[in-house]
Amino acid sequence: MALRLYNTLTQQVEEFAPLRNNTAGIYTCGPTVYDYAHIGNFRTFTFYDLVRRWLRARGYVLDHVMNITDVEDKIIRNALAQKKKLDEYTAVYEKAFLDDSQLLRLERPERLARATEHIQEMAQAIQALTDKGFTYCSDGSIYFRIASFPDYGKLSHNDFSGMRAGARVDVDNYEKDDARDFVLWKAPKDGEPFWETPIGPGRPGWHIECSVMAIRYLGEIIDIHAGGVDLIFPHHENEIAQSVSLTGKPFVRHWLHAEFLLVDGQKMSKSLGNFYTLRDVLARGYAPEAVRYLLASVPYRKQLNFTFDGLKSAETAIERLRNFKARVDGEKFQPGTNEKFLERTAQSAHQFNSALDDDLNTAEALAAVFEYIREANIAMDSGEFRSENVDAARDLLERFDSIFDVLRPSAKRGSIPDEEIEALISKRVEAKKKRNFAESDRIRDQLAEQGIILEDTKDGTRWKRK
RNA sequence: GGCGCGGUAGCCAAGUGGUAAGGCUAAGGUCUGCAAAACCUUUAUUCGUCGGUUCGAUUCCGACCCGCGCCUCCA
């Protein structure tokens, strides 16, 4: 079965097929680097990562561009307050974003595109829109005239046809002809950074960067454009208006939107005090993989209520997966093949694939894996699992981990080295042989204090870091 | 008010016109020198409410109730 994805535009699940035979052109709305990204932002970014990984698993070559918005009102305000140059200010948060992404094992897109590095191209695009009659000027700023774009509202399924607000004043005190119109280019204001361009001095509005950079790197029609649901209106609606007006072609074939992460049943906000950055969560001692697992385990079109209980539950679930992997890798099985169980493994792999093909149903994919693990454990306990079943089990785990990527523990600082652990374990084995359980338990407790858990199996002692 | 998402066991959550996946938690048990890991058993006659269609609905239709989000800052 082919990969099927829900398309916000058509409100239907549609088969994915890229325009350029095997290459998927993807544009995702990235961070605005005015502050640390919070885990709600990372829910969406984790979703992008899953899209990437699953497309690759399905044989597509990725051509993925993500923007970094490094010029915008809040950035300018904060940079001014700290008396810093724009790029000096944004560099801190861009780095923080990339570091956090790495902790969450989010793959780097093929290209990261900074808004400030494409100002002249944006100016050109705005000029082109002006030449075609889609814009107007007001107080040195340039606006897009929504009245000139009849399809406005198609993505968000809003009907604006009856709505004709008169001239009004927006938050920036710029004059607009129509409430729906949005700014393409902002005239310079006192003390604020601006760029000299053929369309005059100023800085770009928010929406134009995505249209310009997407078209620049991916062509006029892109396969997938993704973001959070809050971007559907007005951001993506405005991107469509600009891009289609510019090229005369449909802009995007699949619009994908991730639902919100909630905290205490509400959208995260600083005023409610339910605002967590990744740093906040890790500072409480949770592993980054647990965050990744939690964010990935709830299908992206469903709101996800973040709780620390949920994180704990994610950690335990990961433990179970890792324990199983350790068993597959470390246990000695009787020689031979259990054909029936090979079939069972293939069935689980198929179930896993079908779940992800079905609009990235990660919950169902996980269920397939856990069900398999339970049955494999039973087969191992009863001796029905044979040495030649190991490879298939490993393949399944690898396929799982190529998407979820939680099996490898994150390095923890300050742990004792492996050799030291092994040495202590040998001492303990000796003590146990002599039935000196007091000594063997003492060693086990000593290791436990340092976060090392021992497991005695019929094939010897296995250990892991907690 | 318009648009969108959702209401399934203590918590998270999948799913189907034919009688409820999976994870976590809890209790009991098997295994173990004791643990750990693993396994077994138990936990929703029921899927927001009320109607309708149907031999049969959690799943389709209608109405209603509740939660969340967007409606020119926003993942």
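Labels below follow one simple rule: chain letters A, B, ... track the order of the sequence lines, proteins then strands, and each chain is numbered from 1. The basis for the numbers below is simple: all heavy atoms, side chains too, and nothing from hydrogens, waters or symmetry mates.
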Pair [X] + [Y]: basic N to acidic O under 4.0 Å:
{"X": "Lys74(A)", "Y": "Asp35(A)", "value": "no"}
{"X": "Arg292(A)", "Y": "Asp405(A)", "value": "no"}
{"X": "Arg399(A)", "Y": "Asp395(A)", "value": "no"}
{"X": "Asp181(A)", "Y": "Lys176(A)", "value": "no"}
{"X": "Asp456(A)", "Y": "Arg462(A)", "value": "no"}
{"X": "Glu375(A)", "Y": "Arg344(A)", "value": "yes"}

Just call it for [X]: base, sugar-phosphate, or nothing, with non-hydrogen atoms closer than 4.0 Å on any strand.
{"X": "Arg444(A)", "answer": "base"}
{"X": "Phe233(A)", "answer": "sugar-phosphate"}
{"X": "Phe182(A)", "answer": "nothing"}
{"X": "Pro31(A)", "answer": "nothing"}
{"X": "Leu304(A)", "answer": "nothing"}
{"X": "Ile232(A)", "answer": "nothing"}
{"X": "His235(A)", "answer": "nothing"}
{"X": "Asp456(A)", "answer": "base"}
{"X": "Arg442(A)", "answer": "nothing"}
{"X": "Gly310(A)", "answer": "nothing"}
{"X": "Asp441(A)", "answer": "base"}
{"X": "Ala258(A)", "answer": "nothing"}

Any side-chain N or O of [X] less than 4.0 Å from the OP1 or OP2 oxygen of [N]?
{"X": "Lys302(A)", "N": "G7(B)", "value": "yes"}
{"X": "Gln303(A)", "N": "C5(B)", "value": "no"}
{"X": "Arg320(A)", "N": "C39(B)", "value": "yes"}
{"X": "Lys464(A)", "N": "A36(B)", "value": "no"}
{"X": "Asn323(A)", "N": "A36(B)", "value": "no"}
{"X": "Thr32(A)", "N": "A75(B)", "value": "yes"}
{"X": "Arg374(A)", "N": "C39(B)", "value": "no"}
{"X": "Asn377(A)", "N": "C39(B)", "value": "yes"}

Six-ring centre of Tyr6(A), Arg301(A) cation under 6.0 angstrom, axis tolerance 45°: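 Checked: cation-pi criterion met.
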Could you tell me which nucleotide pairs with [N] by Watson-Crick or G-U wobble geometry, both distances under 3.5 Å, or answer none if nothing does?
{"N": "C47(B)", "value": "none"}
{"N": "C39(B)", "value": "G29(B)"}
{"N": "U53(B)", "value": "none"}
{"N": "U58(B)", "value": "none"}
{"N": "A9(B)", "value": "none"}
{"N": "G1(B)", "value": "C71(B)"}
{"N": "A20(B)", "value": "none"}

[X] side chain: which of [options] is closest?
{"X": "Asp381(A)", "options": "A38(B), G4(B), C24(B)", "result": "A38(B)"}
{"X": "Ala367(A)", "options": "A14(B), G22(B), A38(B)", "result": "G22(B)"}
{"X": "Glu364(A)", "options": "A75(B), A14(B), G33(B)", "result": "A14(B)"}
{"X": "Glu259(A)", "options": "A75(B), C24(B), G4(B)", "result": "G4(B)"}

Which label fits His225(A) and Tyr27(A): parallel for a plane angle under 30°, tilted from 30 to 60°, or perpendicular past 60°?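 Answer is tilted, since the angle falls between 30° and 60°.
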Pick the [atom1] atom in [N] and in [M], then give their distance to the nearest Å.
{"N": "A57(B)", "M": "U46(B)", "atom1": "C1'", "value": "12 Å"}
{"N": "G48(B)", "M": "G18(B)", "atom1": "C1'", "value": "23 Å"}
{"N": "G6(B)", "M": "C31(B)", "atom1": "P", "value": "48 Å"}

Verify the stacking flag for Phe370(A) against G22(B): centroid separation must be under 5.5 angstrom and the ring planes must differ by under 30 degrees.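 It does not: the two rings, one from Phe370(A) and one from G22(B), miss the stacking criterion.
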Does a distance-only test, which skips hydrogens and angles, find a donor-acceptor pair under 3.5 Å between the side chain of Lys312(A) and the base of C24(B)?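 Between C24(B) and Lys312(A), which were checked side chain against base, a qualifying N/O pair under 3.5 Å is absent.
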Gly228(A) or Arg327(A), whichever maps to the more 5' nucleotide of RNA chain B: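 Upstream on the strand: Arg327(A).
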Can you work out whether Tyr293(A) or Lys74(A) has the more 5'-proximal nearest nucleotide on RNA chain B?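 Whichever sits nearer the 5' end wins; that is Tyr293(A).
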I need the CZ-C1' distance between Arg428(A) and G33(B), as an integer number of Å.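 After rounding, the reported distance stands at 11 Å.
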